[in-house]
Structures are given as structure tokens and as C-alpha cells.
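Worksheet for the structure shown next.
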2 protein chains.
Amino acid sequence: MSSQSETVYIVEDDASFRKSLQRLIRSLGFESVAFESANSFLQADICYPGCVLLDVKLPDIDGLIVQKLLTEKGCLLPVIFMTGHGDIPMSVSAMKEGAVDFLPKPFGEEDLLCAINTAIDRNISDVQLQNEKKESNALIETLTPREKEVLTWIITGKLNKQIACEIGTTEKTIKVHRSRVFQKTRVSSVAELVRLAEKVNISPAS
Amino acid sequence: MSSQSETVYIVEDDASFRKSLQRLIRSLGFESVAFESANSFLQADICYPGCVLLDVKLPDIDGLIVQKLLTEKGCLLPVIFMTGHGDIPMSVSAMKEGAVDFLPKPFGEEDLLCAINTAIDRNISDVQLQNEKKESNALIETLTPREKEVLTWIITGKLNKQIACEIGTTEKTIKVHRSRVFQKTRVSSVAELVRLAEKVNISPAS
DNA sequence: TGGCGTGTTGGCCTAAGGTCCAATAGACAA
DNA sequence: TTGTCTATTGGACCTTAGGCCAACACGCCA
């Protein structure tokens, strides 16, 4: 899993704490990139696998808002919150939104390491899932509308003649569409097609 | 969704607060059953759909432990925690373990109602998922070992002759097994079989 | 207006799946 | 020991699927 370097992004306005965090994280064997504000972090290029260690209280944007912005951007970096003056509702909101952990300052090295490992594992699997989904989507997008329609019937397990009846054409036509669907999506069986369709949330026709 | 009465189980040692909670919850339109200790709750029969409103600090067992016990028991009741003197690590642990919410006392009626609705919705879908899984499992369990083996190959999309080669027998034999698999699992297509197998976490052979 | 992509259809042939009937062999329990 | 369950195999026959070749209609763009 560690084929690529794992990066911990740090967003923390206190310069001395930020630097000591960065030292600590590097000593734990991770790459580390630090930001002093939410905006500078949000504009930065990020690399996977990684996670973000995010202070809740930042000078420009609230940490919980940053978390939402990341999600909206489609960024898959898992968030670990840090806070000096947090409260329970804040931590609960963060966790509901999918934060990996919410660490009150000061926190122990073990807790941090544990959270980072969890976050990076999650990121690795999220990224892989997203990539698979993208690849599957690219295949599906090569289909014509009619072929997509036939696809949704194939994955219900219907026979060609039944599909023909459903969409008002002949069995021969369905055979051709079916054949094209298999070619274009590069599968060789209905079973593979079912799994491909599930990956991109295509559900069986009526 | 409200075809059956929705029950909120309350576990709270403070008698007066327990009673006022029960009144409030009934006024919100839910059934309510209250307990003054974790043990009495854990021994009770529970009905779905529902959820449990659980005090973190109880005389006999800690609320967070109760949550783990419920999970281990296979109980699907979602947990909403209440606490008078909680802290952030406590709320974070609870949320990591799947709690729906973690309400510091005193909490508002709206927050409570919102948490209960979320919890019950989750319970309804969890219960439905579990039922579907049970039904699918029951079908799969009618298969002989050999038939299960053939099943794992069918859902990879392999042809009968390929399966025969894999498990060292003839195409004819696989045809018979395949036919029995379809009969016993009551599906009529590979597509349905793939979905059935996924529900019970059977993954394709090598 | 001609080419291209899409959707449609036909015939023909081979391969594969599905069903019915029949039969054998080993394991395990009544 | 007999009977049942499981796994195995064969033959015959029909249905489906898939590939190859050919063709036509329609809309859109250059």
C-alpha cells in the first residue's frame, strides 16, 4: 500500500505548533505539507494517498466549513480535526460529516498516529473505488442511448426476445445491441456486466 | 414506513428525567419503553422499528459499553446518547462506533426529534437489509457443497465447459449442477444469481 | 448533397444453455 | 442391509446467444 509517499496536509494557524506538528509527522515517516490558512490549503494541489490534519479554529474559514467544501469539491482527503476549545456538538457534527477523528489539544502521539493511519487507509480505498468507478463510467459512456437502454434490460437477466418485446423491436435487433454492449464495455459475460453496472449505479430496468 | 409503531427505548437512571423524556417522546408520536438500568434494558425484548436513547452514565454499565454489547448481540437498534458530563473523546468514540447522535443535557426538543427520526430511518433500512440477507442465505444454504462451488464459478461468468475444466469434471455434470443451483435459489438468470450472491457476500471464484 | 453514426432487420451457421429421461457409485443413516 | 443424499455421466432435443454478411432509414454535419 505504501508504493507512493503518504502525505499529511496540516492546516494550523499557530506557527510554532504547526512546525512542531510537521516535525513530528515527518519523524513518523510521512510526507508533510503545512498551511497557515484554510484558503491557502484549499487552493493547493493535493496528492493521494494522504489526509488532512485540520484545526477547527482558523483565521479565515471555520474548519467544519472547510470539511464541507472539500466534500463538495470532490476531494477525497479524509479529515482529522484538532481543536483547543472545541465542544461536544462540534465534534459530533464533524464526525457526522465523516471526519476520521477529532482530537482535543493537547493530544498524544499515539492517538495522532492511529488517526493518520486510519485516515490514509480510508483514503487509499476511497481513491481506488473512485478510479474503478471512473473507468467503468468511461466504458458506459461509449454506449449509445439505445445500447444503454438494452443494457439495463440485460442486467435484469431478460432474454433477447423479452427485451425486444419490452422496448418494441425484434429479437434480432436486440442481439446486435447486446453484442455491441459487450464489445464496448469489454466484458464477456452477463455476470461481469452486472458488476460493471453496479459500480456506476445503473440499476436493472423495471 | 410507519406501518408499524415506532418505539423509542429510553435508558436513564434519573427517574424524573426519565419520566419527562417518556412524556415528551409520546407527545411526539412514538411508542416509548423506559428502563432505569442498562441490564434491565439488555434483557428486554425489543421490537423494530425503533431506536434507543441511552444515557452515557448509568449505575451498572457504561453507555459506551452497552453500545458495544448491542452490536455484539446483533441488535440493530441505533443508539442516541445523552450525557450530562460528557467530553469530546467520549462523543467521538460513540460516533465512531456508529451512534446516531450524542446529545449533551440539556438538549432541545428539535434536536431530539431530529436524532430519533434519523435513527428510526436507519433502523428501518438496516432491518430490511438484514431480512433480505437472511432470505438469501436461506436459499444458498439449500445448496450442496458442490453446488456452492459451481455457483462461485457461474457468477464469474464462466462457461460450463470452463467450469468443468476448473473443477475437473465434464460439461454435462456442470449443466446438472447449474440447473439445480438455479432451481434451489429460485432465480432464472445469471444476473439474478450474481445479485443474490453479492447479498450474502459470496465472491466469484479465483 | 454525400458521408457518418445510429437504429433497424434479415438469413445462416455454430456454440452454448436448459430440460427430460436414464443410470452408476460412494457415503451415511435408519 | 436397505434406502436416501450427493455427485457423477450419457443421450436426445429444443431454445438462446453470438458471429458474419448484407441491407435500409433517419438525422446531422461538412
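As the structure is a prediction and not an experimental result, all values here were calculated from the model. In what follows, chains are A, B, ... by sequence order, proteins preceding strands, each numbered from 1.
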In A:Val11, A:Asp55, A:Asp101, the residue satisfying side chain to side chain contact (heavy atoms under 4.5 Å, CB included) with A:Met82 is A:Asp55

Separation of A:Leu143 atom CG from C:dG7 atom C1', in whole Å? 14 Å

Ignoring backbone atoms, establish whether A:His177 has a side-chain N or O less than 4.0 Å from OP1 or OP2 of C:dG7. no

Dot-bracket, DNA chain C: Watson-Crick or G-U, under 3.5 angstrom, [ ] crossing, | other strand? ||||||||||||||||||||||||||||||

Per side chain to side chain contact (heavy atoms under 4.5 Å, CB included), B:Lys161 is matched among B:Lys172, B:Lys175, B:Glu171 by B:Glu171

Can you tell me how far P of D:dC5 sits from NZ of B:Lys184, to the nearest Å? 11 Å

In 5'-to-3' order, the base (B), backbone-only (S) or no-contact (-) status of each nucleotide in nucleotides 17-27 of chain D, using a 4.0 angstrom heavy-atom cut-off, is BBBB-------

Quick test of your reading of the model: are B:Glu166 and B:Lys158 salt-bridged, counting only N-O distances below 4.0 Å? no

Whole Å only: how far is the CD1 atom of B:Ile167 from the C1' atom of D:dT6? 14 Å

Regarding A:Lys133 and A:Glu198, does a basic nitrogen lie under 4.0 Å from an acidic carboxylate oxygen? no

Go through the steps for B:Glu192 and B:Ser189 under the test side-chain hydrogen bond (donor to acceptor under 3.5 Å, both in side chains), then give the verdict. CA-CA 5 Å; B:Glu192 290 169 69; B:Ser189 64; 3.1 Å; yes

How many whole angstroms separate atom CD of B:Glu147 from atom C1' of D:dC5? 11 Å

Check ion pair B:Glu149-B:Arg146 (N to O, under 4.0 angstrom): yes

Derivation of the side chain to side chain contact (heavy atoms under 4.5 Å, CB included) call for A:Leu103 and A:Phe81: CA-CA 6 Å; A:Leu103 305 171; A:Phe81 281 106; over 6 Å; no

Should we say atom NZ of B:Lys19 is surrounded by more than 12 heavy atoms from elsewhere, each under 6.0 Å from it? no

